[in-house]
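The structure under discussion appears below in the form of structure tokens.
Remember, it's 1-based here, ligands and their atoms both numbered in the order they're listed.
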Amino acid sequence: MKYRRLGRTGLEVSELSYGSWVTFGTQLDVDGSKKLIRQAIDAGVNFLDNAEAYAAGMSESLMGVALKSYRREDLVISTKIFWGGAGPNQTGLSRKHLLEGTRNSLKRLQLDYVDLLFCHRPDPNTPIEETVMAMDSLVRSGQTLYWGTSEWSADQIVKAIEFAKDYRAIGPVMEQPQYNFLVRERFEKEYKPVFNKYGYGTTIWSPLASGVLSGKYNKGIPEGSRLARELWIKNIMDENKLMTPEVFAKIDGLATIAKSMDATLSQLAIAWTLKNPNVSTTILGASKPDQLAENLKAADFVDKLDDGVMKQIEGILKNKPA
Ligand code: NDP
């Protein structure tokens, strides 16, 4: 496993990491979660991703049990705050929800602190200044070591960084965006100034577009798969045109390239994300040990992605941001 700096911070994260969205608490029970965490850590993964929203907190509780077997210093643990419940003040980035949500997440994780704390979405109803000062106090009180954003626009990120600078507060240092063969515009274009000027780190999500880029959905929706189980995710994929005949044709084309490299489609898709130097870590999702084993080998193929292969890939994708 190789390790990369999280942006300009001093923190090193494994270039492949493991996240618990959808899987922990729904597809995986405590033993299943423990087993996959063990497999990831044995392969050199040091960063595990979570969120208060995942399985309504159950995902953090299961991870908390699994973490008992490891030395805290060997791991980088994150969680994300935004969707904490249905009532008023249980959602969003108000000072109240950020402080209470983090306290509850730490309890479920059975930790004194997380390493990374993300604002899981931008909150149009809370002034960015309030959010920055609340996150500053969470760092200063030792409940997180770093804080960041998830799916914020470049303008929102810059506003938060600049406000923090002006008020000598601790600003955000990393973003958690979606980035894969099909979703590239924001990462490669909009965030360019954020990477160049501020050296913002990234922990990217859905490298396989929820499994679509493994090719498993090209001929229908397999029983037991994520999109068979979670209709709402399938609907989002449809809305975003990520499961059209054109997309499946591209995936068939990519399969030929993967084959020529002796890689699987999933390995090609994950390796391609690692090729981008602005990716600090690619968060893997896996509901089964064989998926995780396959995906963890993806880093072996990064060196095979030379200019010629990258050009071939662009020829198939035809979505490189201008
Ligand atoms: P992927 O896009 O890699 O999708 C993972 C899913 O794809 C698995 O659970 C599995 O689903 C299927 N899959 C994985 N590997 C294979 C394989 N080799 N062959 C066939 N199918 C495979 O990642 P996620 O969408 O899970 O995102 C990764 C992590 O990123 C999350 O766990 C979470 O931590 C984070 N995240 C953050 C978000 C944010 O808003 N900040 C949003 C979403 C994710 P199955 O077996 O069920 O079909």
Non-hydrogen atoms closer than 4.0 Å to ligand 1: which protein residues do they belong to? List them by chain and number, please.
Gly19, Ser20, Trp21, Thr23, Gln27, Asp49, Tyr54, Lys80, His120, Arg121, Ser150, Gln176, Trp205, Ser206, Pro207, Leu208, Ala209, Ser210, Gly211, Ser214, Lys216, Tyr217, Ser225, Arg226, Ser266, Ile283, Leu284, Gly285, Ala286, Ser287, Lys288, Gln291, Glu294, Asn295
Short side-chain donor-acceptor distance under 3.5 Å, Gln176 and Asp49:
yes
List for me each residue that meets side chain to side chain donor-acceptor pair (under 3.5 Å) alongside Thr273, sequence neighbours excluded, and say none if there are none.
Thr282
Can the ring centroids of Trp272 and Tyr179 be said to lie less than 6.0 angstrom from one another?
yes
Consider only side-chain N and O atoms of Ser59 and Ser20, and report whether a donor and an acceptor are under 3.5 Å apart.
yes
With a 6.0 Å cut-off on the ring centroids, do Trp147 and Phe118 count as close?
no
Centroid-to-centroid, Phe187 to Phe195, below 6.0 Å?
yes
